[in-house]
Enquirer: 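Before I ask anything, here is the structure I am working with.
Letters A, B, ... are given to chains in the order of the sequence lines, protein chains preceding strands, and every chain is numbered from 1.
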Number of protein chains: 2
Amino acid sequence: MNIGQASKASGVSTKMIRYYDEIGLVRPASRTESNYREFDEREVNELRFIRRARSLGFSMPEITQLLSLWRDRERPSREVKAIAEKHVNELDARIAEMQTMADTLRHLSHCCAGDDRPDCPILADLTGGRSPVESKGADVRGR
Amino acid sequence: MNIGQASKASGVSTKMIRYYDEIGLVRPASRTESNYREFDEREVNELRFIRRARSLGFSMPEITQLLSLWRDRERPSREVKAIAEKHVNELDARIAEMQTMADTLRHLSHCCAGDDRPDCPILADLTGGRSPVESKGADVRGR
DNA sequence: GATAGGGCTTCCCACCATGGGAAGGTCAAG
DNA sequence: CTTGACCTTCCCATGGTGGGAAGCCCTATC
């Protein structure tokens with residue numbers, strides 16, 4: 001199976017397959033005489049694995065770990081769970097951050113007349129955000 | 001005021017100030033004889049504006065628009081509000097996406113014993129995610 | 001057997017916002 | 001006049017992803 005077929009079978013673009021190869025995420029697939037990459041079922045399964053893990057928001061380093069656990073039949077599920085839980089915590093943190101942003105903006109938007117007049121609490125907040133109301137969500141800065 | 005002072009006064013790093021200058025987000029500040037950038041209160045306020053807008057998750061293009069509205073004393077607040085609401089919608093969409101990821105993972109984690117044994121529903125889901133339980137959140141793929 | 005087309009290879013570029021660091025000019029205090 | 005802190009520009013890296021060029025390879029059709 002060549003890279004195009006592996007791409008169709010796994011749902012991962014050829015670009016990305018080459019990239020994963022380059023960074024050593026998937027075994028450097030064997031090559032034909034004419035230097036074409038050759039894939040078997042196992043590699044296609046790994047590509048599907050990566051695609052699914054990406055869709056759950058795992059980073060490449062995390063996927064590297066997950067893949068090596070996946071390959072190891074003796075792995076303790078504890079380790080997999082730890083990675084997943086850490087990732088959930090990161091997701092929750094980012095969600096909370098964005099939720100704060102959205103809530104702040106919703107509040108400001110709510111207070112904005114949204115007509116032809118130039119007065120705008122949204123711009124006022126961006127200008128300095130000093131008033132007690134807006135400063136509710138003023139500490140999102142650091143990330 | 002030179003770039004270091006403007007940085008301290010605005011909370012924006014010198015690197016970023018130069019970048020904003022480069023992409024034309026802030027007026028190409030005037031220069032001294034020895035080619036040092038010169039900042040006045042107005043520019044520092046713009047930098048603070050940008051920092052606050054970034055902290056609310058606005059993209060650079062959005063900030064460009066917001067800045068030009070901010071500079072225009074005749075702006076209709078309608079336009080500002082429209083940008084803010086659009087951004088809130090984008091935030092909500094991304095939050096929902098990540099929420100789905102987190103929920104799926106929480107569920108899988110919950111089902112994982114997390115002990116020395118190798119059986120792991122998390123890896124099982126990544127492998128194919130075919131079982132009815134896991135497939136609950138299996139359609140996050142596309143973004 | 002030649003030619004066309006599509007697939008494969010590598011290599012470079014771009015995104016977006018940010019930081020690191022080098023090489024060299026400038027300023028102010030001692 | 002030296003020192004140290006600051007300024008300048010320029011290049012590089014990040015993380016995943018895509019676009020595209022130049023050139024080789026394979027297959028099918030004539």
Side-chain angles (χ1 to χ4, degrees), chain A residues 1-26 28-39 43 47 49-67 87 90-91 94 97-98 101 140-143, chain B residues 1-26 28-39 43 47 49-67 87 90-91 94 97-98 101 140-143:
Chain A
M1 185 156 45
N2 65 26
I3 201 175
Q5 293 164 324
S7 171
K8 266 171 206 151
S10 66
V12 177
S13 74
T14 60
K15 280 279 183 191
M16 281 302 100
I17 296 177
R18 293 196 189 96
Y19 174 67
Y20 297 153
D21 182 354
E22 186 190 326
I23 65 174
L25 192 53
V26 292
S30 63
R31 302 289 185 111
T32 67
E33 283 179 9
S34 51
N35 205 31
Y36 283 20
R37 286 173 184 81
E38 277 191 313
F39 299 83
E43 274 132 17
L47 290 171
F49 182 100
I50 295 170
R51 184 170 67 90
R52 173 73 177 141
R54 289 291 302 150
S55 83
L56 288 173
F58 285 104
S59 66
M60 302 312 284
E62 284 165 338
I63 292 178
T64 304
Q65 291 180 58
L66 288 172
L67 257 183
H87 181 52
E90 289 163 1
L91 282 173
R94 284 197 279 143
E97 225 177 77
M98 291 172 45
M101 295 179 188
V140 198
R141 287 190 299 279
R143 55 157 306 176
Chain B
M1 185 157 44
N2 65 26
I3 200 174
Q5 294 164 322
S7 171
K8 266 171 205 151
S10 66
V12 178
S13 74
T14 59
K15 280 281 182 189
M16 280 302 100
I17 296 178
R18 293 196 190 96
Y19 174 68
Y20 296 154
D21 182 355
E22 187 189 327
I23 65 174
L25 193 53
V26 291
S30 65
R31 301 291 184 111
T32 66
E33 284 179 7
S34 50
N35 204 31
Y36 283 20
R37 286 174 185 80
E38 277 192 313
F39 299 84
E43 274 132 18
L47 290 170
F49 182 100
I50 295 170
R51 184 171 66 90
R52 174 73 177 140
R54 287 292 301 150
S55 83
L56 288 174
F58 285 104
S59 67
M60 302 311 285
E62 284 165 338
I63 292 177
T64 304
Q65 290 180 59
L66 288 172
L67 258 182
H87 180 51
E90 289 163 2
L91 283 173
R94 284 198 279 143
E97 223 178 78
M98 292 171 45
M101 294 179 189
V140 198
R141 287 189 298 279
R143 55 156 302 176

Enquirer: From the options C/dT10, D/dG16, D/dC25, select the nucleotide whose nearest atom is closest to the side chain of A/Arg37.
Expert: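 Of C/dT10, D/dG16, D/dC25, C/dT10 is nearest to the side chain of A/Arg37.
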Enquirer: Measure from the side chain of A/Lys15, starting at C-beta and using heavy atoms only, and say which of D/dT17, C/dG19, D/dG19 lies closest.
Expert: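 The nucleotide sitting nearest to the side chain is D/dG19.
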Enquirer: Kindly indicate whether the side chain of B/Tyr36 and the base of C/dG25 share any N or O donor-acceptor pair separated by less than 3.5 Å?
Expert: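 Answer is yes: a donor-acceptor pair is held.
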Enquirer: Select base, sugar-phosphate, or nothing to describe what A/Ser13 touches, counting heavy atoms under 4.0 Å on all strands.
Expert: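 Result for A/Ser13 = sugar-phosphate.
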Enquirer: So does B/Ser34 get a side-chain nitrogen or oxygen closer than 4.0 Å to the phosphate oxygens (OP1/OP2) of C/dC27?
Expert: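 Yes, such a contact exists.
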Enquirer: Kindly say if B/Asn2 contacts the phosphate of D/dC7, meaning a side-chain N or O under 4.0 Å from OP1 or OP2.
Expert: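 For D/dC7, OP1 or OP2 has a side-chain N or O of B/Asn2 closer than 4.0 Å.
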Enquirer: Regarding B/Arg18, tell me which of base, sugar-phosphate or nothing describes its non-hydrogen contacts under 4.0 Å with the strands shown.
Expert: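 Here B/Arg18 touches the bases of the nucleic acid.
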Enquirer: Does A/Phe39 or B/Pro61 map to a spot on DNA chain C nearer the 5' end, using the closest nucleotide for each?
Expert: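 Looking at the nearest nucleotide for each, A/Phe39 comes out on the 5' side.
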Enquirer: Please give, in whole Å, the distance from C/dT10 C1' to A/Asp21 CG?
Expert: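 Distance, rounded to whole Å: 12 Å.
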Enquirer: Phosphate oxygens OP1/OP2 of C/dT26: is one of them under 4.0 Å from a side-chain N or O of B/Arg31?
Expert: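 Negative; the distance criterion is not met.
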Enquirer: Round to a whole Å and report the spacing from CD of B/Glu22 to P of C/dA17.
Expert: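 B/Glu22 atom CD is separated from C/dA17 atom P by 13 Å.
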Enquirer: May I ask you to say what A/Ser59 touches in the nucleic acid, namely base, sugar-phosphate or nothing, with a heavy-atom cut-off under 4.0 Å?
Expert: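 Touches sugar-phosphate only.
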Enquirer: Between B/Tyr20 and C/dT18, is there a contact of a side-chain N or O with OP1 or OP2 at under 4.0 Å?
Expert: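 The answer is yes; a side-chain N or O of B/Tyr20 sits under 4.0 Å from OP1 or OP2.
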